[in-house]
Amino acid sequence: EDKLQANVAQTISNIRASGIKIWLITGDHTATARKIALTCGVTSPKDHVISFTETSIVNREQLVDALSQSFSLPVVLEVCGPVMDLVWPEEELREQFFNVATKAATVIFSRFSPKQKLHAVELLKFYDSDAKVLGVGDGANDVPMLEACDVGIGMFGNEGQQAVNAADYGIAEFEFLHRLLLVHGRANYVRLTKVICYFFYKNALLVSTQFWYCLFNLFSGQSLYEGLTFALYNVLFTSLPCVVLGIFDRDVLNTDNIHEHPQLYKFGQENRGLNVKLFTRWIFEGLICSVGLFYLVILAVTSSEGLLNDGRSMGEAEVGLIIYTAVIVTTTVRIAIEVRSWTTLHMFTIIISLAFGWIFYFAYGEMPDESGIMYKLSLNVGFKISVWLMGINATFITVLPLIIAVYVALRLLPLKFLSLSFLIALKDATDIDAATRQPKEIIGRIDDDDEIQLEDSQSSLKRSGTGRN
C-alpha cells in the first residue's frame with residue numbers, strides 16, 4: 001500500500017504559494033484521488049468541487065452542458081478518464097474543457113491511463129503556448145507524461161527506475177522538489193538572466209567603440225583594434241568572471257530565507273530578470289559607456305603631447321590599445337557590481353582577467369614579427385604614466401555614475417521601492433538597520449502590485465541559522 005512521504009503537504013503549500021498551479025493526475029479511482037488531494041494539501045475540505053465524472057456525465061450532450069456552466073469562485077475540478085475520452089476527439093470540446101480547467105484553482109484527474117496523462121499535458125501546451133509544464137511521476141505509467149512536459153522529474157521508488165530514466169531530473173523524496181524548484185531553479189534563473197544581459201552589454205560596449213571610430217575614418221572599414229586581441233575579447237579577457245557569476249553567484253545567501261518566502265519564485269514567472277525593458281537598459285548602458293570611454297581617451301590624446309617612449313606620436317594602434325584595455329576594465333567592474341555573493345573564486349577570476357590582458361599584450365608584442373601592429377607596442381605604451389592615466393580616468397569617469405546609482409539604490413531609496421529579494425539579500429549580508437538607517441520593521445510581503453508593505457516583523461529579521469546548501 002502506498003504511504004505518504006514526509007513534508008508532502010508543506011512542499012505543495014510552498015509550491016502553490018510561489019504561484020504555480022497544480023494538477024493531480026492519477027490512475028486511482030475518483031474517491032481515492034479525492035482523499036489523496038486532501039491528505040497532500042492539494043485541496044481543502046472547504047473547497048467548492050465541480051465533478052466531471054462518469055456518474056454525472058455519460059454522453060456528449062451532458063458534457064457540453066457541463067462545460068457551458070460558469071463559475072466565479074475558485075473551484076476544484078474533478079475529471080475522470082471516461083470523460084476525457086469524450087473530450088479528446090473533438091477540438092471544440094477540447095478548447096472548452098481547457099478554458100474551464102485553467103479557471104479552476106486545482107484539477108484532479110482520476111482513472112487516467114498513461115495515454116490520457118499525455119493528452120492532459122498536450123492539451124495544456126497546445127492551447128497555452130506560454131505555459132511551462134513540469135511533471136512529477138514515479139512509475140512506468142508516467143513516462144509518456146514526463147516526456148511531454150517541458151521539465152520531467154522522476155522519483156526513485158518501489159515502482160522501478162523507468163520514470164527516473166525518462167525524466168530530466170531524479171529525486172528520492174517528494175519534499176526535495178521544493179528545493180530543486182524554488183531554490184535551485186530560481187537561483188539558476190537569476191544567474192542565467194544576469195549572464196545573458198551582461199554578455200550583450202559587454203559586446204555592445206566593444207562594438208560601439210568601433211562605430212564611433214568610423215566617424216573619424218570616414219567609414220573606411222579600418223578596425224580600431226588588432227585582429228587577434230579583438231577575437232580573444234570573449235574567449236579570454238572577459239569570459240572567466242562571466243562563467244563564475246553564472247555558476248556560483250547567489251542573490252540570497254541563506255537559502256532558508258527562500259524556504260520562508262516562496263513568493264520569491266515569482267521573479268522568474270513574471271520575467272523580471274529578462275524582459276524587453278531590462279534588456280534595452282543594458283544595451284543603452286553599453287552604448288553610453290562606449291561613448292564615454294572612446295571620446296575621453298580621444299580627448300586625452302589630442303590634448304596632450306601623445307608621445308611614446310621612442311619619441312613617436314600615438315597612432316591608431318596605441319589609441320586602440322588604450323581604449324581596448326579601458327573596455328576590459330569597465331566590463332570587469334560592471335560584472336563585479338552584479339555579484340551578490342563574493343567568494344575567493346569571484347575575486348580571483350576578476351583579478352586574473354585584469355592582469356591577463358597586459359600579460360598577453362607584452363607576450364604578443366615580443367613575438368618576432370616586426371611588421372605586426374602589436375610588435376613592441378606594449379613596451380612603448382605600457383611604461384608611460386600618461387597612458388595609464390588616460391585609461392584609468394576614462395574608466396573611472398565612465399563607471400562612476402553607475403556606482404553612484406547603485407549606492408543610492410542600496411542605501412538611500414525608500415524601502416517601498418525595493419523588492420523582497422533585495423531585503424532578504426541585504427539581511428543576509430549585513431545588519432539591515434545599519435545599512436539603511438531605517439527601523440527594524442522592514443521585512444514584509446508583496447502585494448499584487450509588487451510593492452513592499454512595511455509591517456512590524458522585527459522577529460522575522462532576527463531569525464538566524466545556518467543556510468542549507
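Quick note: residue numbers are just sequence positions, from 1.
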> Is the closest side-chain heavy-atom distance between Ile247 and Leu345 below 4.5 Å?
Replying inline: no
>> What I'd like to find out is whether the side chain of Asn7 reaches to under 4.5 Å of the side chain of Phe174, using heavy atoms alone.
In response: no
> Got a donor-acceptor contact below 3.5 angstrom from the Arg191 side chain to the Asp249 backbone?
Replying inline: yes
>> With a 6.0 Å cut-off (strictly less than), is the heavy-atom count around OH of Tyr189, excluding the residue itself, greater than 12?
In response: yes
>> As a quick check of understanding, evaluate side-chain contact (heavy atoms from CB on, under 4.5 Å) for Trp282 and Ile196, giving each step before the final call.
In response: CA-CA 10 Å; Trp282 275 90; Ile196 292 173; over 6 Å; no
>> Does either side chain, that of Thr11 or that of Asn14, offer a donor lying less than 3.5 Å from an acceptor on the other one?
In response: no
> Checking side-chain contact (heavy atoms from CB on, under 4.5 Å) for the pair Ser353/Ile328: CA distance, chi angles, key distance, verdict?
Replying inline: CA-CA 8 Å; Ser353 295; Ile328 293 177; 5.6 Å; no
> Using the ring of each side chain (for Trp, its six-membered ring), is Phe356 parallel, tilted or perpendicular to Phe237, with breaks at 30° and 60°?
Replying inline: tilted
> Okay, side chain of Tyr198, backbone of Thr331: is any donor-acceptor separation there less than 3.5 Å?
Replying inline: yes
>> Between Lys194 (side chain only) and Leu245 (backbone N and O only), is there a donor and an acceptor less than 3.5 Å apart?
In response: no
>> Testing the basics here: between Arg16 and Thr43, what is the closest heavy-atom pair and its distance to 0.1 Å?
In response: NH1-N, 4.2 Å
> Is the shortest heavy-atom distance from the side chain of Leu24 to the side chain of Thr106 under 4.5 Å?
Replying inline: no
> Given side chains that start at C-beta, do those of Asp47 and Ser44 come closer than 4.5 Å, heavy atoms only?
Replying inline: yes
>> Working note: Tyr233 + Tyr225, criterion ring pair (Phe, Tyr, Trp, His ring centres under 6.0 Å); need CA distance, chi angles, decisive distance, verdict.
In response: CA-CA 11 Å; Tyr233 176 74; Tyr225 308 119; 8.4 Å; no
> Rounded to the nearest 0.5 Å, what separation is found between the OG1 atom of Thr238 and the CG atom of Leu205?
Replying inline: 10.0 Å
> Any sub-3.5 Å donor-acceptor pair from Asn188's side-chain atoms to Gly185's backbone N or O?
Replying inline: no
> Of all heavy-atom pairs between Glu173 and Glu175, which one has the smallest distance, and what is that distance?
Replying inline: OE1-OE2, 3.0 Å
> Is there a donor-acceptor contact under 3.5 Å from the side chain of Arg186 to the main chain of Gly268?
Replying inline: no
> How close do Val235 and Ser239 get, heavy atom to heavy atom, and via which atoms?
Replying inline: O-OG, 2.8 Å
> Considering all heavy atoms of both residues, which atom of Ser290 and which atom of Trp212 are nearest to each other, and what is their separation?
Replying inline: OG-NE1, 2.9 Å
> When you measure from the side chain of Asn275 to the backbone N and O of Leu278, does any donor-acceptor pair fall under 3.5 Å?
Replying inline: yes
> Take atom NZ in Lys103; do more than 12 heavy atoms of anything else shown fall under 6.0 Å from it?
Replying inline: no
> If you count the non-hydrogen atoms of other residues, nucleotides and ligands that lie under 6.0 Å from CZ in Phe348, is the total more than 12?
Replying inline: no
>> Just so I know, are the side chains of Lys132 and Gln269 near enough to count as touching, which here means a heavy-atom distance under 4.5 Å?
In response: no
>> Using a 3.5 Å distance criterion without hydrogens, assess whether the side chain of Glu95 forms a donor-acceptor pair with backbone atoms of Tyr127.
In response: no
>> Given the ring of Phe199, does Lys202 sit roughly above its face, with NZ or CZ under 6.0 Å from the centre of the six-membered ring and within 45° of the axis?
In response: yes
> Do Gln210 and Phe230 come within less than 4.5 Å of each other through their side chains, counting heavy atoms only?
Replying inline: yes
> Backbone N or O of Ile15 within a donor-acceptor pair of the Ser18 side chain at under 3.5 Å?
Replying inline: yes
>> Please give me the minimum heavy-atom distance between Thr343 and His346, naming the atom from each residue.
In response: OG1-ND1, 2.6 Å
> How long is the span from the CG atom in Leu402 to the CD1 atom in Ile288, to the nearest 0.5 Å?
Replying inline: 12.5 Å
> When rounded to the nearest 0.5 angstrom, what is the spacing between CD1 in Ile298 and CG in Leu293?
Replying inline: 11.5 Å
>> For the CG atom of Asn165 and the CG atom of Leu146, what is their distance to the nearest 0.5 Å?
In response: 11.0 Å
> Between Asn217 (side chain) and Gln222 (backbone), is there a donor-acceptor pair under 3.5 Å?
Replying inline: yes
> Does OH in Tyr295 sit with more than 12 non-hydrogen atoms of other residues, nucleotides or ligands closer than 6.0 Å?
Replying inline: yes
>> Between Phe176 and Phe156, is the ring pair (Phe, Tyr, Trp, His ring centres under 6.0 Å) condition met? List the steps.
In response: CA-CA 12 Å; Phe176 297 159; Phe156 296 92; over 10 Å; no
> Between Tyr265 and Leu181, is any pair of side-chain heavy atoms under 4.5 Å apart?
Replying inline: yes
> How far apart are the C-alpha atoms of Phe294 and Ser208, what are their side-chain angles, what is the distance that settles it, and do they pass the side-chain contact (heavy atoms from CB on, under 4.5 Å) test?
Replying inline: CA-CA 9 Å; Phe294 181 82; Ser208 297; over 6 Å; no
> Tell me, do Asn393 and Leu296 make a side-chain contact under 4.5 Å, heavy atoms counted?
Replying inline: no
> When rounded to the nearest 0.5 angstrom, what is the spacing between OG1 in Thr332 and CG in Leu354?
Replying inline: 4.5 Å
> Roughly how far, to the nearest 0.5 Å, is the CG atom of Asp128 from the CG atom of Asn99?
Replying inline: 10.5 Å
>> Before you tell me yes or no, could you show the steps for Leu134 and Tyr169 under side-chain contact (heavy atoms from CB on, under 4.5 Å), namely the whole-Å CA-CA distance, both residues' side-chain angles and the distance that decides it to 0.1 Å?
In response: CA-CA 11 Å; Leu134 180 143; Tyr169 299 92; over 6 Å; no
> So, for Ala166 and Glu147, which heavy atoms are closest and what is the spacing to 0.1 Å?
Replying inline: CB-OE2, 4.1 Å
> Counting N and O atoms only, with roles assigned by atom type, does the side chain of Thr330 sit under 3.5 Å from a partner on the main chain of Ala326, one being a donor and the other an acceptor?
Replying inline: yes
> Would Trp23 and Phe109 satisfy ring pair (Phe, Tyr, Trp, His ring centres under 6.0 Å), going step by step from the backbone distance to the final call?
Replying inline: CA-CA 8 Å; Trp23 287 8; Phe109 297 97; 5.4 Å; yes
> Any chance CZ of Phe396 has more than 12 other-residue heavy atoms, nucleotides or ligands included, within less than 6.0 Å?
Replying inline: no
